[in-house]
Enquirer: 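Let me give you the structure first, and then I'll get to my questions.
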Protein chains: 2
Amino acid sequence: MSSRKSKQPTIWDIAIKLNVSISTVSRALRNAGDINPETKKAVLEMAEKLDYQPNAIASSLRKSKTSVIGVMVPEFIHPYFPRVILGIQEIANAMDYKVIVMQSNESYEIEKQNIQAMFALRVDGLIMAVSRETTDFEHIRSIQKKGIPIVFFNRVSDELVGSKVVVDDYRGAFLAVEHLILTGCKRIAHLAGPDKLTMSINRRNGYLDALRTHGIAADGRLIMHSDFVEGRARTYMQELLNNPDRPDGVFAVNDPTAIEALICLKDNDVRIPDEISLITFSNAPHSSFVSPSLTSVVQPLENIGLVAVQLLLRQIDEGQYFTPETVTLDTELVVRKSTRNLAD
Amino acid sequence: MSSRKSKQPTIWDIAIKLNVSISTVSRALRNAGDINPETKKAVLEMAEKLDYQPNAIASSLRKSKTSVIGVMVPEFIHPYFPRVILGIQEIANAMDYKVIVMQSNESYEIEKQNIQAMFALRVDGLIMAVSRETTDFEHIRSIQKKGIPIVFFNRVSDELVGSKVVVDDYRGAFLAVEHLILTGCKRIAHLAGPDKLTMSINRRNGYLDALRTHGIAADGRLIMHSDFVEGRARTYMQELLNNPDRPDGVFAVNDPTAIEALICLKDNDVRIPDEISLITFSNAPHSSFVSPSLTSVVQPLENIGLVAVQLLLRQIDEGQYFTPETVTLDTELVVRKSTRNLAD
DNA sequence: AACGTTTCCGGAAACGTTCTCGGAAGCTGC
DNA sequence: GCAGCTTCCGAGAACGTTTCCGGAAACGTT
């Protein structure tokens, strides 16, 4: 009959039991000054006894600050974004910020909705990687205009202002290819990404410059620009193998590409790394599933998150006096079994 | 000098411009009744013009309802939980609920903190898989006592009351092993999980009963109970191979175990599936990385999320009159290349 | 012309906090 | 015994909504 929607205890309940005012209770709970240690103790005990839990909603409303930062990523099926989020959460929690995560599922529409939702929840700031579908950025600018700080990572656009944290694609690629050269590869192919993507371009340039630096002439036939459709990389790898003068090293633009190449090489009974070495620019911290395990250039995933949060919090604190920064993080070469030893 | 912390427009701003009351604006915005279509139109236009975005915080406070459901998972590095969350988000969004995701990182302490945080944010309900570390459930019961509905999935405990959605481990295992038998395997090993975990036990029982049903005697030496430490499964697989009478079929309790077994088999130059068939009880929808691709029993991941949300929303609506339900979902056998054909 | 209904709107109280302000005690020093 | 401090506390206004309630106007009915 009576729907007894069990109400949560509030600072009022504490105040009444103790015969003090709610201001006093509030002060005690936030351990602000202006309070007698004894009353404070009494309040804390009563709070404990009533199992009082502060209402963040009310607090946020009053303070016009939620202490929540939103994170929006295209997806978290693949291990890349989850790792970054881990880094974000770690430091955010340490700074007494809550993190809420949403995924756009690579859809512009959902991204737009989520941005709205995040703003409706009045997050103090936003860390995001835009969806692959997104070409129009008005929804993002719109909430930037409203004063919400945003830090971008991974998928960044020159059309947007704001802090950004990215990895050094060029240098990473350079390192990877140089490693192939130093371990004896003479004829190095590149399974590249779409040739309009800045990321692909930077990595290809790294590849080219590594060759040049070490006096190896680039051969256009060894560069295969794939869209990222499943199976494409495999086809290209097969083409490379069908060629009379096969490469003796392959630099793959990312993990999925490398895996396809690997499968193709195995199907052709090519010995790795003896006949052909394989190296990849990796998103994930390890590719331990596969055998042989892949030598790769890896990104400092947790670090990306960490830096992003730091930039965001600074912007939250400094407000409009903050000027956006772009931080470029370095990659690291992790040598595994798909390339030869330096000693060779 | 003046910190001009740009305030967001509120219903007040709209009301003043239009010379109406905030009640009217509110009614127009929520398209409630009791409003003249023309005034409503005017309000909507003005809202658009001022770029008004509702303040969910204030609304939640007033309504004592946030329309947010919390999701807490141990991690989302592996593809399992992200898939489930996808299912959750899809239906939750359709029902005008926002989803916020947190991960406990398999830590009891973080889980506890996150539960607090979720409650502080006054989520309307919670969908969770408890962390591996969690053996004490007081923090969960505590907020259940406060009236927050919770639906558990994947990691459930008999010690907790509440709706649960799980998959039929027994039946899935049965199907898997039966498939091995039907494709000609006579001597089937089981790389099992920890023998105290209900999940492991159920899957092992499915294995045993499948053998029994088809008149095959179980052999204790063919059952290897692994803890889930990396490398263990590989060792056990090697042991099985060292044995004079090798198995001709292997049922792996999960994907990582299967992958290790696969690598071991390849290293021993065992032909799959001709010499030994391999089947796995899978978390992920596919294991397409590996070659040969693995025949597996898969869980309806998106469905788990979907069912969980439905249960939760019913509980939110029906309140205390709701009685918890446990839903057991069926698995599906997906035949790939690591088992022989039925025709054989 | 009086009355009942419907349609629309405004006032004002909530929701649970935070925080400014002022003021009542109690203390010090002279 | 008074001025000035310090220490502690309460009153009350905000934050931006929703929603109950009452009432004014407009309409229809007899």
Side-chain angles (χ1 to χ4, degrees), chain A residues 5-44 46-47 50-68 96 119-124 146-147, chain B residues 5-44 46-47 50-68 96 119-124 146-147:
Chain A
K5 188 171 169 69
S6 67
K7 294 251 121 284
Q8 318 297 348
T10 73
I11 55 173
W12 255 105
D13 300 303
I14 301 179
I16 288 185
K17 295 248 184 205
L18 256 41
N19 204 22
V20 297
S21 76
I22 57 167
S23 330
T24 306
V25 176
S26 175
R27 271 189 292 259
L29 259 21
R30 291 176 291 119
N31 56 8
D34 265 17
I35 185 144
N36 186 323
E38 286 179 27
T39 24
K40 177 167 167 181
K41 185 156 160 286
V43 168
L44 260 28
M46 183 56 74
L50 296 183
D51 198 12
Y52 166 83
Q53 298 285 115
N55 185 328
I57 301 282
S59 171
S60 299
L61 180 60
R62 173 59 231 244
K63 295 199 294 189
S64 314
K65 171 168 174 67
T66 52
S67 291
V68 170
D96 273 323
F119 180 75
L121 293 174
R122 295 297 192 269
V123 294
D124 288 342
K146 289 173 173 302
Chain B
K5 188 173 170 63
S6 67
K7 292 252 124 279
Q8 317 299 347
T10 73
I11 55 173
W12 255 107
D13 300 304
I14 301 179
I16 288 184
K17 295 248 184 204
L18 256 40
N19 204 24
V20 296
S21 75
I22 58 166
S23 333
T24 305
V25 176
S26 175
R27 271 189 293 258
L29 258 22
R30 292 175 291 118
N31 56 8
D34 264 17
I35 186 143
N36 185 323
E38 286 180 26
T39 24
K40 177 168 168 181
K41 184 155 161 284
V43 169
L44 260 28
M46 183 56 73
L50 296 183
D51 199 11
Y52 166 82
Q53 298 285 113
N55 185 328
I57 301 283
S59 171
S60 298
L61 180 59
R62 173 58 230 239
K63 295 199 295 186
S64 315
K65 169 164 176 69
T66 51
S67 292
V68 169
D96 274 323
F119 181 74
L121 293 175
R122 295 298 192 267
V123 294
D124 288 342
K146 289 174 173 304

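Here is the naming used below: chain letters follow the sequence lines, and residue numbers restart at 1 for every chain. Values below: every heavy atom of this structure, side chains too, minus hydrogens, waters and symmetry copies.
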Enquirer: Between A:N19 and A:I16 (side chain of the first, backbone of the second, donor and acceptor by atom type, cut-off under 3.5 Å), is there such a pair?
Expert: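 A pair under 3.5 Å: no.
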Enquirer: For A:R27, is there any backbone N or O sitting under 3.5 Å from a side-chain donor or acceptor partner on A:K40?
Expert: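 Absent.
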Enquirer: Can you tell me if B:T39 touches the phosphate of C:dC9, counting only side-chain N or O atoms and a distance under 4.0 Å to OP1 or OP2?
Expert: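 Yes, B:T39 has a side-chain N/O under 4.0 Å of OP1/OP2 on C:dC9.
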Enquirer: D:dA24 C1' sits how many Å from B:N36 CG, rounded?
Expert: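 Value for this atom pair: 15 Å.
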Enquirer: Is B:I11 close to B:Y52 at the side-chain level, that is, under 4.5 Å between some pair of heavy atoms?
Expert: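 Yes - at least one pair of side-chain heavy atoms lies under 4.5 Å apart.
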Enquirer: Can you tell me if A:S60 touches the phosphate of D:dC15, counting only side-chain N or O atoms and a distance under 4.0 Å to OP1 or OP2?
Expert: no
Enquirer: Looking only at atom types and distance, does a side-chain atom of A:T24 sit under 3.5 Å from a main-chain N or O of A:V20, one as donor and one as acceptor?
Expert: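 Not confirmed, A:T24 side chain does not pair with A:V20 backbone.
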Enquirer: Figure out the NZ/P separation between B:K7 and D:dA14, and round it to whole Å.
Expert: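 Distance, rounded to whole Å: 14 Å.
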Enquirer: Nearest whole Å is fine: how far is D:dT17 P from B:R122 CZ?
Expert: 21 Å
Enquirer: Just to be sure I understand the rule, does A:I35 reach a base, reach only the sugar-phosphate, or reach nothing, if contact means heavy atoms closer than 4.0 Å?
Expert: sugar-phosphate
Enquirer: Side-chain contact, heavy-atom cut-off 4.5 Å: A:L18 with A:V43?
Expert: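 They are in side-chain contact.
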Enquirer: Whole-Å distance between C:dC19 C1' and A:K65 NZ?
Expert: 17 Å
Enquirer: Name the pairing partner of C:dC15, where a pair is Watson-Crick or G-U wobble with both distances under 3.5 Å, or state none.
Expert: D:dG16
Enquirer: Below the 4.0 Å mark, does D:dT19 have OP1 or OP2 next to a side-chain nitrogen or oxygen of B:R30?
Expert: yes
Enquirer: Send over the distance from B:W12 CH2 to D:dG16 C1', rounded to a whole Å.
Expert: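 Going from CH2 in B:W12 over to C1' in D:dG16 covers 11 Å.
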Enquirer: Could you state the atom-to-atom distance from OH of B:Y52 to P of D:dT17 in whole Å?
Expert: 3 Å
Enquirer: Do any of residues 20-29 of chain B sit with a heavy atom less than 4.0 Å from DNA chain C, and if so which?
Expert: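 Residues of residues 20-29 of chain B under 4.0 Å from DNA chain C: B:V20, B:S21, B:S23, B:T24, B:R27.
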Enquirer: Taking the nucleotide of DNA chain D with the closest heavy atom to each, which residue, B:R62 or B:D34, is nearer the 5' end?
Expert: B:R62
Enquirer: Main chain of B:Q53, side chain of B:Q8: is a donor-acceptor contact present, judged purely on distance under 3.5 Å?
Expert: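 No; judged by distance alone, with no hydrogens or angles, the pair does not exist.
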Enquirer: For A:S26, enumerate each residue passing the side-chain hydrogen bond (donor to acceptor under 3.5 Å, both in side chains) test, keeping only those at least two apart in sequence or located in another chain.
Expert: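 Expected list: A:R30.
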Enquirer: Side chain of A:L61 only, heavy atoms from C-beta on: which candidate in D:dT17, D:dC15, D:dT18 is closest?
Expert: D:dC15
Enquirer: Taking atom P of C:dC8 as reference, at what distance in whole Å does atom NZ of B:K41 sit?
Expert: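 These atoms are roughly 16 Å apart.
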Enquirer: Applying a 3.5 Å limit to both distances, which nucleotide forms a Watson-Crick or G-U wobble pair with D:dT30?
Expert: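 Across all strands, the one nucleotide that pairs with D:dT30 is C:dA1.
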Enquirer: To the nearest angstrom, how far is B:I11 atom CD1 from D:dT18 atom P?
Expert: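 Going from B:I11 (CD1) to D:dT18 (P), I get 6 Å.
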